[in-house]
Amino acid sequence: MRGSAGFFLCSLLLLAPRCTEVATQDAQPDPKTPCANWMGGAPGYPGHNGLPGRDGKDGKDGVKGEKGEQGLQGPKGDQGETGVPGREGPRGFPGYPGQKGDKGEGSFVYRSAFSVGLKERAPHPNVPIRFSKIFYNEQNHYDASTGKFICSIPGTYYFAYHLTVYLTDVKVSLFKKDKAVIFTYDQFQTNNVDQASGSVLLHLSSGDEVWLQVYGEGDNNGVYADNINDSTFMGFLLYPDLD
């Protein structure tokens with residue numbers, strides 16, 4: 001009995017690999033076969049989804065990649081607001097002298113002047129005194145033949161006279177265009193030589209005449225001159241009329 005049972009168990013062990021091989025070859029084994037009845041069971045249900053695994057650790061940084069190509073230039077941005085002025089910088093060194101400029105045109109210099117003296121002892125009254133001793137008359141604006149200064153440059157002039165008085169009184173006047181402008185009177189003192197003088201600023205137009213003359217009767221004609229005493233008359237342009 002014990003031998004029969006052992007034989008039966010050995011037979012089962014020998015048949016099990018054969019049935020497993022047949023089941024593998026056939027996708028759907030025949031349920032009527034003895035092996036299928038012994039090995040097959042009802043299909044099971046799908047299992048539940050498992051829980052998500054935990055996050056892994058961060059990996060190490062990789063090797064630095066190569067530099068990429070330069071991109072295209074973007075559009076110009078809007079102009080920013082003006083910034084605060086910076087601090088003044090240090091003073092620079094002096095520059096080199098520039099080149100000498102061209103010579104400019106010279107301005108016209110207006111000149112008109114005279115200075116004359118008396119040669120005659122007693123000039124005639126009520127006519128221009130002819131001062132024939134010429135000290136200066138480069139522009140020839142004074143006419144020694146008439147004793148008159150003739151204006152050639154319109155402007156402002158200065159006139160002055162210094163007369164020696166001797167033997168009698170002196171009354172003289174400075175004329176402009178037939179009109180007396182100033183008067184000078186000097187009373188002679190016996191046994192003495194005196195001086196009479198006067199000066200004035202006048203504005204003259206071109207062609208105006210200025211002269212000096214004794215006025216009154218002959219008793220007032222004490223204008224005198226000799227080799228040691230002079231009676232002089234002079235005038236000059238201060239500034240011309242620019243227009």
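No experiment lies behind these values; they were computed from the predicted model shown.
The minimum heavy-atom distance linking Ser132 with Lys119 is given by the pair OG-CD, 3.3 Å. Residue Ala144 comes nearest to Ile134 through the heavy atom pair CB-CD1, 4.2 Å, listed as atom of the first residue, atom of the second, then distance. Taking every heavy atom of both residues into account, Leu118 and Ala225 meet most closely at O-CB, 3.4 Å. Minimum interatomic distance between Gly198 and Ile182 (heavy atoms only, all atoms of both residues): C-CD1, 4.5 Å. Among all heavy-atom pairs drawn from Asn229 and Asp226, the shortest one is N-OD1, 2.6 Å. Nearest approach of His162 to Ser197, heavy atoms of both residues: ND1-CB, 3.5 Å.
By the 6.0 Å contact criterion, CG on Leu242 is open, its count of non-hydrogen atoms from other residues, nucleotides or ligands being 12 or less. Residue Tyr166 places its OH atom among 12 or fewer non-hydrogen atoms of other residues, nucleotides or ligands, all under 6.0 Å distant. Shown here is His203, whose NE2 atom has more than 12 heavy atoms of other residues, nucleotides or ligands within 6.0 Å.
Note: Asp194 CG to Tyr224 OH = 14.5 Å, rounded to the nearest 0.5 Å. Residue Glu81 holds its CD atom at 10.5 Å from CD of Gln79, rounded to the nearest 0.5 Å. To the nearest 0.5 angstrom, Asp230 atom CG is 11.0 Å from Leu163 atom CG. Rounding to the nearest 0.5 Å gives a distance of 9.0 Å between CG of Leu72 and CD of Gln70. Rounded to the nearest 0.5 Å, atoms CG (Leu204) and NZ (Lys177) are 9.5 Å apart. Separation of atoms CZ (Phe236) and NE2 (His141) is listed at 15.0 Å; rounding is to 0.5 Å.
Grouping the Ile, Leu, Val, Met, Phe, Trp and Tyr side chains by contacts below 4.5 angstrom, directly or via other members, places Tyr157 apart from Met234. Tracing side-chain contacts under 4.5 Å through hydrophobic residues (I, L, V, M, F, W, Y), one never reaches Tyr136 starting from Leu237; they form parts of separate clusters. Val200 and Tyr215 sit in two unconnected hydrophobic clusters of ILVMFWY residues. Membership requires side-chain heavy atoms under 4.5 Å apart, directly or through other members. Residues Val223 and Tyr185 do not share a hydrophobic cluster, defined by chaining ILVMFWY side chains whose heavy atoms lie under 4.5 Å apart. No single ILVMFWY cluster, assembled from side-chain heavy atoms under 4.5 Å apart, contains both Val116 and Phe175.
Residues Val170 and Val214 fail the side-chain proximity criterion, which asks for heavy atoms closer than 4.5 Å. At least one side-chain heavy atom of Leu202 sits less than 4.5 Å from a side-chain heavy atom of Leu174. With a 4.5 Å cut-off on side-chain heavy atoms, Phe159 and Val181 do not count as touching. Thr164 has its side chain within reach of Gln195: a pair of non-hydrogen atoms, C-beta onward, lies under 4.5 Å apart.
For the side chain to side chain contact (heavy atoms under 4.5 Å, CB included) test, residues two or more places apart in sequence or in another chain that qualify with Phe135 are Ser115, Lys133, Thr232.
Although no hydrogens or angles enter the test, the distance criterion places no donor-acceptor pair under 3.5 Å between the side chain of Ser205 and the main chain of Pro154. In this structure a side-chain-to-backbone donor-acceptor pair under 3.5 Å is missing from Gln213 to Ser173. Of the possible donor and acceptor atoms, none in the side chain of Thr168 sits under 3.5 Å from a partner among the backbone N and O of Gly222.
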Check your understanding: Tyr161 and Thr184: side-chain contact (heavy atoms from CB on, under 4.5 Å), yes or no, with the steps?
Key -> CA-CA 10 Å; Tyr161 52 88; Thr184 299; 2.4 Å; yes
Point to revise | Test side-chain hydrogen bond (donor to acceptor under 3.5 Å, both in side chains) applied to Gln99 and Tyr96, step by step | key: CA-CA 9 Å; Gln99 296 181 354; Tyr96 294 102; over 6 Å; no
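The stretch residues 137-157 participates, sequence neighbours left out, in these salt bridge (Lys or Arg N to Asp or Glu O under 4.0 Å) pairs: Lys148-Glu209.
Under the 6.0 Å cut-off for aromatic ring centres, Tyr239 and Tyr110 do not qualify, their centroids lying 6.0 Å or more apart. Outside the 6.0 Å centre-distance limit, the rings of Phe131 and Tyr142 are not counted as a close aromatic pair.
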